[in-house]
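Below is one structure, written out as structure tokens; comments come after it.
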Amino acid sequence: MKKTNIQQNEKKTAESKFKVPHTLILIVMIMMLVTIATYLIPGGAYERAVNEAGKTVVVEGSFHYIESNPQGIFQLLQAPIQGIIAGAEIIAFLFVVGGAFSLISKTKAIDFGIIRVVKLFKGKEILIIPIMVFIFSLGGAVFGMSEEAIAFITILMPLMLALGYDSIVAVAITYLACVMGFSSAMLNTFTVGVAQSIAEIPLFSGIGYRTLIWFITTTIGTIFIMLYANRIKKNPKLSPVYESDQLKREKLSMVDLENEEFRLAHKIILLLLVACVGVIVWGVLTQGFWITEIAAVFLATGVLSAIIGRLNMDEMAEAFIQGAKDMMGAAIMLGFARGIVILAENASIIDTILNTLSGLLSGLPALVAAYIMYPIQMFINFFVNSGSGQAALTIPILAPLGDLIGISRQLTVLIFQLGDGFSNALFPTSGVLLACLGLAGVPYTKWLKWVLPLQGILFVIAILAITGAYLMGWS
């Protein structure tokens with residue numbers, strides 16, 4: 001018995017030694033490393049010019065070193081504040097959507113709706129996952145849906161919990177699905193459209209091969225999510241977020257509603273929520289809605305729901321503030337993560353890194369260079385999350401370089417979109433990822449551990465797609 005206790009204590013001690021730090025600690029550590037790097041990497045810059053399409057792009061061959069601007073301790077301390085300012089739009093979105101959804105939740109209409117969906121899919125809950133994944137993935141592939149996924153997290157997370165899954169599944173079927181579609185898109189204007197116009201190849205050409213990659217990627221991603229969801233359904237304690245999800249389930253307290261009346265007010269609020277989603281989709285597709293407009297639609301839905309649900313003014317105020325409070329952790333981490341990029345930008349080392357990496361490709365065999373271009377693009381995505389911004393930065397350099405070493409411009413664009421996309425579900429510098437995790441209450445470190453195996457699979461898919469494109473002379 002004593003020996004067993006000693007072994008257990010040794011096991012606990014070993015586990016404690018390998019405990020993953022809090023997400024905020026990891027971000028601060030990365031900030032410190034980037035700060036040190038600003039003393040080691042010289043400043044550099046490419047010249048920028050406006051092309052025929054009116055886009056500001058890098059002028060190939062224009063790189064030159066400039067005076068270094070290392071970031072000291074005082075700049076490091078300022079970076080989180082500057083990051084919060086830079087990410088103010090998404091942070092404000094988190095507060096407003098969190099508060100608005102808290103208003104809707106207070107009416108219990110969502111709880112009643114979930115009860116009915118659970119009854120409808122009883123015994124067939126798993127079917128919801130492929131339906132949702134393909135819908136969101138198609139949104140990412142066709143109109144570049146990414147930030148919009150944030151709004152759906154709050155709606156679908158309670159449903160996933162009620163169906164016996166966890167908060168990770170909620171993020172996976174929304175944001176991760178969008179990322180898979182965004183990465184392998186056939187019609188995404190923000191990545192494929194911009195990159196192809198800069199590379200001077202026909203707009204949305206190569207759509208057949210890209211559609212094949214999208215279907216394979218989404219199918220494999222769906223299977224991965226379903227296998228995990230099925231395992232959690234059988235044994236909820238296997239979930240990395242089991243304890244926090246139990247608290248969320250207690251807040252839903254839907255068992256107490258089984259004998260309560262599903263009133264007309266609840267039905268109207270649910271219809272309002274459906275209308276809210278419809279307006280958001282319509283606005284994104286036809287009116288150019290983004291963060292501010294989506295938040296406004298959610299706020300209006302929350303206030304109307306509270307009025308219909310007969311909440312008094314004090315209840316509305318308290319519910320809204322509580323919902324906004326719940327977003328505080330995600331907002332802070334988002335601001336700190338933005339600080340990483342700000343340090344690199346202020347030191348003018350991003351262009352130097354790009355120039356060094358592109359120089360490594362020259363002289364390599366074409367297919368080997370294509371393979372290396374993919375992780376290079378992922379590395380650049382750590383600092384430049386904007387798809388169109390990354391295209392403007394890298395395509396003017398990599399496309400001509402590809403011409404010299406035998407890589408078609410079509411393949412260069414494919415490598416760009418795959419490298420830009422998949423890693424959006426991996427890097428903490430992605431504000432949208434942190435926003436989605438914050439709304440779902442999933443710690444970044446637990447998400448990272450969960451998503452890494454899938455990232456490995458997606459990496460292999462990308463390499464196979466690049467190989468196939470090269471071997472068939474895709475152009």
Side-chain angles (χ1 to χ4, degrees), residues 22-31 34 78-98 136 139-140 144-154 170-172 174-180 182-183 188 190-191 280 284 289-295 298 324 326-346 350 378-391 393 419-448 451:
H22 189 280
T23 304
L24 188 59
I25 301 301
L26 286 177
I27 293 173
V28 171
M29 290 169 65
I30 296 172
M31 289 176 68
V34 171
Q78 292 180 76
I81 300 169
Q82 294 170 340
I84 290 172
I85 294 171
E89 193 169 30
I90 294 182
I91 290 173
F93 176 86
L94 284 175
F95 288 147
V96 171
V97 171
F136 281 100
M145 184 177 180
S146 179
E147 291 87 355
E148 295 80 5
I150 302 173
F152 293 94
I153 294 286
T154 51
V171 178
T174 50
Y175 177 68
L176 180 60
C178 285
V179 166
M180 291 189 293
F182 192 95
S183 310
N188 184 351
F190 303 107
T191 53
I280 289 172
V284 170
F289 276 18
W290 199 62
I291 293 296
T292 306
E293 292 83 0
I294 294 173
F298 248 100
D326 292 341
M327 298 299 106
M328 185 63 71
I332 290 173
M333 285 184 285
L334 194 153
F336 272 68
R338 283 289 181 95
I340 298 170
V341 180
I342 287 172
L343 286 168
E345 289 176 342
N346 289 345
I350 293 179
M378 292 179 67
F379 179 76
I380 294 169
N381 191 43
F382 183 87
F383 296 99
V384 185
N385 290 134
S386 167
S388 56
Q390 194 177 149
L393 177 65
D420 163 64
F422 291 140
S423 54
N424 283 326
L426 184 64
F427 295 146
T429 49
S430 169
V432 181
L433 170 61
L434 292 185
C436 289
L437 294 178
L439 283 171
V442 176
Y444 169 74
T445 49
K446 292 185 178 181
W447 168 261
L448 181 64
V451 84

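Positions are given from 1, in the same order as the sequence printed here.
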Tell me which donor-acceptor pairs under 3.5 Å the side chains of residues 421-442 have, and how far apart each pair is, sequence neighbours excluded?
residue : atom : partner : partner atom : Å
Ser423  : OG   : Asn381  : ND2          : 2.8
Ser423  : OG   : Gly419  : O            : 3.0
Asn424  : OD1  : Asn381  : ND2          : 3.1
Asn424  : ND2  : Asp420  : O            : 3.0
Asn424  : ND2  : Gly421  : O            : 3.4
Thr429  : OG1  : Phe382  : O            : 2.6
Ser430  : OG   : Tyr175  : OH           : 3.4
Ser430  : OG   : Leu433  : N            : 3.2

Nearest-0.5 Å distance that lies between atom CD1 in Ile30 and atom CD1 in Ile25: 12.0 Å

Minimum side-chain heavy-atom gap Val97-Ile150 below 4.5 Å: no

Atom pair CD (Gln390) and CZ (Phe383), whose distance is rounded to the nearest 0.5 Å: 12.0 Å

Non-hydrogen side-chain atoms of Ile27 and Tyr444 separated by less than 4.5 Å: no

Straight-line distance of Met328 CE to Leu94 CG, nearest 0.5 Å: 11.0 Å

Inter-residue atom distance Phe182.CZ - Thr191.OG1, 0.5 Å rounding: 5.0 Å

Test log, rule side-chain contact (heavy atoms from CB on, under 4.5 Å), inputs Ile350 and Leu393: CA-CA 10 Å; Ile350 293 179; Leu393 177 65; 4.3 Å; yes

Within-4.5 Å side-chain heavy-atom neighbours: Ile91 and Arg338: no

Shortest non-hydrogen separation from Gly98 to Met327 and the atoms involved: CA-CG, 4.1 Å

Smallest separation among heavy atoms of Ala79 and Ile342, with atom names: O-CD1, 4.4 Å

